[in-house]
Protein chains: 2
Amino acid sequence: MPRWKPDAVERLQAAALELFDEQGFERTTVAEIVQRAGLTQRTFFNHFADKREVLFGLSAELQQEIIGEIAGGDDTLPPLDAVVRALEVVADKMLENRRAVVTRRYAVIAANPELQERELSKNAALTEAIAAVLHARCGDPETAFLAAGAAMLAQQAAFRKWTRPGETRTLRDLLPDALHSLRTTVNQNSVDPNQNSVDPNQNSVDPNQNSVDPPLPT
Amino acid sequence: MPRWKPDAVERLQAAALELFDEQGFERTTVAEIVQRAGLTQRTFFNHFADKREVLFGLSAELQQEIIGEIAGGDDTLPPLDAVVRALEVVADKMLENRRAVVTRRYAVIAANPELQERELSKNAALTEAIAAVLHARCGDPETAFLAAGAAMLAQQAAFRKWTRPGETRTLRDLLPDALHSLRTTVNQNSVDPNQNSVDPNQNSVDPNQNSVDPPLPT
DNA sequence: GTCTATATGCGGATAGAC
DNA sequence: GTCTATCCGCATATAGAC
């Protein structure tokens, strides 16, 4: 029989999210959080560097999974596809079953500038990490940078829809949709066709890869 | 005859950039800055909300110019082109003649995490503002969001090159280059061509618009 | 507890605009 | 003469280092 109840980190995260949701981030003290979780402040700051970090435990796990998925994924895919593929896999594995919690967490962050700053930093770090693994795998630095940024852009567009009240589609299904929208938007082009000599299918189709869901007509 | 020397804000900004460059952001106090500028601490905090803000005066001006340029620009351009066009104009008007200062400022920011956070916030705010003006002008919210994000991505790629030691090309010339790289990267596509039914030239060429410099062969 | 640095509140002075 | 913009002085809250 354990000396303490298990899952201290999880209990702290859950208690914090509840309280931030109920009364706002600023008006919630660490004392309240640890009280609800049945722990002490010392324990809180043992696990989290500051009050904000309690909301970002998932980010580190996600980053690790995403990077691993890219590194272990299909080497022949073009960079942007490789990243989006990894994002889809990780979305299924770690996000879809926590939709309610993740949505509430996102609402809390959106309501507080300090938390938004932290979120921006985490996203920037993730983008950097993706660019680094892409760079190590194949391409030149600029392609890695652009592919990572473009993938994160699509991810954010999909995520925004996924966390909307009426939305029922999975994040995995929303991602290819967002990617398609991104391609459409980026390819709207007013310049000389000669300059825009980009073959949209310069890479061959890989018949072995899983089929990509076509964007929904809506 | 004025009671004080004019341009207090500019003097503070210049003094701060010099000192941050010489000894780093953390090791520089507000007291040192105001001493070099011949002012007092109270005046410093009258003009800047905190120590970091002294480095970001240009951001607000840039944002205003960029938004104005988009709003006053060619309505018929597709959103991404409209934004990049505006970025080119503003790059010429406000950045090219301060290349040395802007480069030093960027190096200072890159050397300090706190400043990077602030920079991320400013960029996010600018992206939001661009998306808002695009949304107001024409497109749906998602297209506006994606076009704004894609434009900022190209801008960042171009800016990174522009601030590199040996680089001699202008930011205006680097921007179309970066945009082309972004289009190339985004269009590397492994999926079924039927899904990727994106016509790279669905918009007609506007013969009246200024010619776009072709990417340099290097 | 002291010291340093950041940041804020409130009042006051004066030059120039009206 | 009043008003406003700009800057200064003083006191103080807060936070971290030592």
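The sequence lines fix the lettering, A, B, ..., with proteins before strands; numbering per chain opens at 1. From a predicted model like this one, the values you see are computed outputs, not experimental measurements.
Within residues 17-29 of chain B, the residues that have a heavy atom under 4.0 Å from DNA chain C are, in order of number, B/T28, B/T29. For residues 50-57 of chain B, proximity to DNA chain C is found at B/D50, B/K51, defined as any non-hydrogen atom under 4.0 angstrom from a strand atom.
Aromatic ring centroids of A/F159 and A/Y106 lie under 6.0 Å apart.
Atom pair B/F45:CZ and D/dC10:P shows a separation of 18 Å (rounding to whole Å applied). For the pair B/N46 CG and D/dC8 C1', the interatomic distance rounds to 9 Å; values are reported in whole Å. One atom, CZ of B/F48, and another, C1' of C/dT8, lie 17 Å apart when rounded to the nearest Å. Following rounding to the nearest Å, B/E114 (CD) and D/dA15 (C1') show an atom-to-atom distance of 13 Å. Between B/Q41 atom CD and D/dT12 atom C1' the separation is 14 Å, expressed in whole Å.
Side-chain contact check for A/I70 versus A/R137: some heavy-atom pair is nearer than 4.5 Å. Counting only heavy atoms from C-beta outward, the side chains of B/K161 and B/R164 approach each other to under 4.5 Å. Counting only heavy atoms from C-beta outward, the side chains of B/L58 and B/Q13 never approach each other to under 4.5 Å. Looking at heavy atoms from C-beta onward, B/D173 lies out of side-chain contact with B/D177 at the 4.5 angstrom threshold.
Side-chain contact annotation: A/T170 with A/E96, donor-acceptor N/O pair under 3.5 Å absent. Donor-acceptor pairing under 3.5 Å is lacking for the side chains of B/N46 and B/T43.
In this structure, A/R105 is positioned above the aromatic face of A/F56, its NZ or CZ under 6.0 Å from the six-membered ring centre and within 45° of the axis.
Taking both residues in full, the closest heavy atoms of A/I130 and A/I67 are given as N-CD1, 3.7 Å, listed atom of the first, atom of the second, then distance.
Distances shown here put every side-chain N or O of B/H47 at or beyond 4.0 Å from the OP1 or OP2 atom of D/dT6. Contact check, B/T40 against D/dC8: a side-chain N or O comes under 4.0 Å of OP1 or OP2.
With hydrogens and angles left out, the side chain of B/R42 and the base of C/dG9 share a donor-acceptor pair within 3.5 Å.
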